[in-house]
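Below you'll find the structure, written out as structure tokens, and then a few comments.
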Amino acid sequence: MHTPEAAATATHCPYCALQCGMNLRPEPGGEGVAVEERADFPVNRGALCGKGRTAPAVLSSRVRLTGPLVRTHAGRLEPATWEEALDTVAEGLARTGRAYGPDAVGVFGGGGLTNEKAYALGKFARVALRTSQIDYNGRFCMSSAAAAHQRAFGLDRGLPFPLEDIPRTGCVILVGSNLAETMPPALRYLTELKENGGTLIVIDPRRTRTAEQADLHLAPRPGTDLALALGMMHLVVAEGHTDEEFIADRTTGWEAARAAAMAHWPELVERITGVPVPRLREAVEMFCAPSSAMVLTARGPEQQSKGTDTVGAWINLCLATGRAGRSLSGYGCLTGQGNGQGGREHGQKADQLPGYRKLTDPAARAHVAGVWGVDPDALPGPGRSAYELLDALGTDVRALLLMGSNPVVSAPRASHIEDRIRSLDFLAVADVVLSETAALADVVLPVTQWAEETGTTTNLEGRVLLRRRALTPPPGVRTDLEVLHGLAARLGIEKGFPTAPEEVFDELRRASAGGPADYSGISYDRIEAEQGVFWPCPDGSSGTPRLFLDGFATDDGRARFVPVTHRDAAEVPDADYPLFLTTGRVVAQYQSGAQTRRVAELNAAAPGPFVELHPRLAARLGAVDGSPLAVISRRGRAVAPARITDTIRADTVFMPFHWPGEGRANTLTNPALDPVSRMPEFKVCAVRVEPA
């Protein structure tokens, strides 16, 4: 007798901001799901990386949390009922608020939460807890690019055009991104660019797998991307490549920005960056020769204490050459986390309300308060940024509710942040696995995963997508929306925190209506029918795949040049710490590794941390491949095996940041903050290296 095959569910990968389409088909016997290609989805066209293919492994009860845990008087996490766990969390948060005031209670979210969960978490903080102290780990992702976007264009969306435009432009400058390892299915867009006759310039201190695809690779000293961009702008002006008509018709502030750039003559830039002047000239010629071009940045230039100005310099280069607000041209940021874009648009960022509204704007407060049914004056003001919030734990902020983040591994100066977390009066963590941070909690709440719940995410293009529930979660697991509903009820708010994702999304649509990130015209049905809908999408709109073609989102429709000048990183090498450290990802692991480190296939490919260094440096240290090296900064010491390669600068070492313990790269990193975005300087600090 033939048994009909179970229907597949069309959904999206739980990891990076590509949000690759995939189909999930139930395994025979009802044990888990199998991943199948979804060739009709335009972003990845069926392609998946190893993380996406193996994502169902984390659904297994062998590696995930399946019931609440509460810390006993003996200091151990022990199984508890949901009622006991939620009662304990509500009492811990309420007790702290009563004793020290509402801002003594903090909330820390994650860029992997769906739009519905990010929205509900922000509402919960401001309505149920009445605290201003909420931020999320997306602050560590693309906040500098967001700030520069807002400053220049009046609106922040990672890419102002769909990915499909990239192969059709004439030249792409890719700054500080290793797409081949961070977003492997996206590498095809660069391959197709070259097949179509376009050129690729990659700027990275390492000759990565992505840089090997480039027509030109520039390897500046870490922390000098701003000087590099200014040097290129100087040459654009000096060699007559500016688009004077575009500058006059569609921008303001050119004179001041030009004067700032002209102070960075090529020979000075060579001394700062280590990039030879002929290479600078070659890059300018390649960028200016075709009629269209793009600059794409990622964490390399953004995770710096001057990240906003660095991105601003690259935006200025686009504006000066007329490469913005035109077809197949523009500046874009390659968002990292799965919902890093949507996660900040709808209220879990310290200074924003849903719809990308400013928390300090009286009209925005009135609109959102009206949707929420509260007095606008009752909404708290802006709170601390992510690192500042974590740094205040145990002193000003004495209790914390944390969802979908693992700062013990992912935060800069991680040993200090771990100490701050340990000093809390009360910590509750909602997660799918017992992460390094969850292991320190007073209460751990096990929540559903991507394949077990329905909700929307917004990918790096600004395309709002729908993940559909494909299987039933274990009986001891609840959704984040159910957690927030249960906590709100215990805090005296019976209504306003629904558990049905579509009901939450419909409220989000109303809250975002009229805001910069307007989702009011988007529905679950539309998303499914159209393979995603691009915001802004006011009610009745078809969505906006391409921004700024008819004008920028400023009061006068003009883009803003912002004058910027080079300054050193917050910490540069000296006699005691003579080398640069830079950090990043490897293809088989993701972010803090809390989930991917539980997948055998991924661990086999990337089993642990390492220190990448140049052969000349290795020879001075007497290091050989695999020998243990200690990397020491002013903040701590990490130990990992040597990986010797000539693809990195001789004055620089690299460590991936996915692992805890003695190989934790973020033990070393510098929390110096960008003054505008409050982004920590993950990508450059001074270290010394010695045999362990």
Side-chain angles (χ1 to χ4, degrees), residues 30-32 58-98 105-110 113-114 116-117 120-121 123-125 128-129 398-406 421-422 424-455 469 471-501 504 594-595 598:
E31 291 294 324
V58 187
L59 299 167
S60 169
S61 59
R62 293 187 296 274
V63 300
R64 56 99 57 87
L65 295 165
T66 56
L69 302 172
V70 174
R71 195 168 298 279
T72 66
H73 293 299
R76 293 187 300 272
L77 285 172
E78 299 286 355
T81 67
W82 267 100
E83 297 307 305
E84 291 168 339
L86 290 174
D87 286 347
T88 304
V89 174
E91 174 54 26
L93 300 178
R95 181 177 62 246
T96 303
R98 288 193 301 268
V105 180
V107 176
F108 199 85
L113 301 181
T114 62
E116 292 81 359
K117 292 190 284 188
L121 187 62
K123 181 180 179 182
F124 178 82
L129 298 175
R398 305 178 70 101
L400 183 69
L401 172 64
L402 186 147
M403 283 187 160
S405 186
N406 188 18
I421 290 172
R422 289 180 182 274
L424 282 163
D425 295 347
F426 183 79
L427 172 63
V429 174
D431 210 331
V432 300
V433 297
L434 190 68
S435 71
E436 287 72 22
T437 306
L440 304 179
D442 296 287
V443 180
V444 182
L445 303 173
V447 291
T448 51
Q449 298 186 52
W450 58 288
E452 301 164 345
E453 60 187 10
T454 294
R469 173 170 159 163
L471 75 164
T472 303
V477 171
R478 295 187 182 181
T479 69
D480 295 272
L481 295 179
E482 290 170 336
V483 168
L484 294 174
H485 174 86
L487 292 177
R490 285 164 172 79
L491 294 170
I493 301 177
E494 298 290 340
K495 295 182 179 179
F497 291 91
T499 60
V504 178
Q595 295 181 54
R598 288 166 166 80

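Formation of a donor-acceptor pair under 3.5 Å by the Thr454 side chain with backbone atoms of Arg469 is found in this model. A donor-acceptor pair is defined here as one N or O able to donate and one able to accept, closer than 3.5 Å; no such pair exists between the side chain of His485 and the backbone of Pro498. Counting only distance, with no hydrogens or angles, the side chain of Arg71 and the backbone of Ala441 share a donor-acceptor pair below 3.5 Å. Between the side chain of Lys123 and the backbone N or O of Gly496, at least one donor-acceptor pair lies under 3.5 Å. Here the side chain of Glu452 pairs a donor or acceptor atom with the backbone of Gln449 at under 3.5 angstrom.
Taking CG of Leu93 as the start and CZ of Phe124 as the end, the distance is 6.0 Å to the nearest 0.5 Å. Atom OG1 in Thr448 sits 11.5 Å away from atom CZ in Arg478 (nearest 0.5 Å). Between Leu484 atom CG and Thr499 atom OG1 the span is 11.0 Å, to the nearest 0.5 Å. To the nearest 0.5 Å, the span separating CG on Leu424 from CG on Leu440 amounts to 9.5 Å. Between atom NZ of residue Lys117 and atom CG of residue Asp480 there is a gap of 4.0 Å, rounded to the nearest 0.5 Å. Between atom OG1 of residue Thr437 and atom CD1 of residue Ile421 there is a gap of 5.0 Å, rounded to the nearest 0.5 Å.
A heavy-atom distance below 4.5 Å is found between the side chains of Pro68 and Pro446.
Paired with Leu427 under the rule side chain to side chain contact (heavy atoms under 4.5 Å, CB included), one option of Val89, Asp442, Val443 passes, and it is Asp442. Exactly one of Val107, Val429, Val447, Val483 qualifies for a side chain to side chain contact (heavy atoms under 4.5 Å, CB included) with Met403. That residue is Val483.
The side-chain contact (heavy atoms from CB on, under 4.5 Å) search around Arg490 returns Glu83, Leu86, Asp87, Ala90, not counting sequence neighbours. Remark: Arg62 pairs with no residue by the side chain to side chain donor-acceptor pair (under 3.5 Å) rule, at least two apart or across chains.
Across every non-hydrogen atom of Phe497 and Ala488, the tightest pair is CD1-CB, 3.5 Å. Closest approach of Phe108 to Ser405, counting heavy atoms only: CE2-OG, 3.4 Å.
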Q: Start with the C-alpha distance between Trp450 and Leu59, add both sets of side-chain angles, then the distance that settles side-chain contact (heavy atoms from CB on, under 4.5 Å), and finish with yes or no.
A: CA-CA 9 Å; Trp450 58 288; Leu59 299 167; 4.3 Å; yes
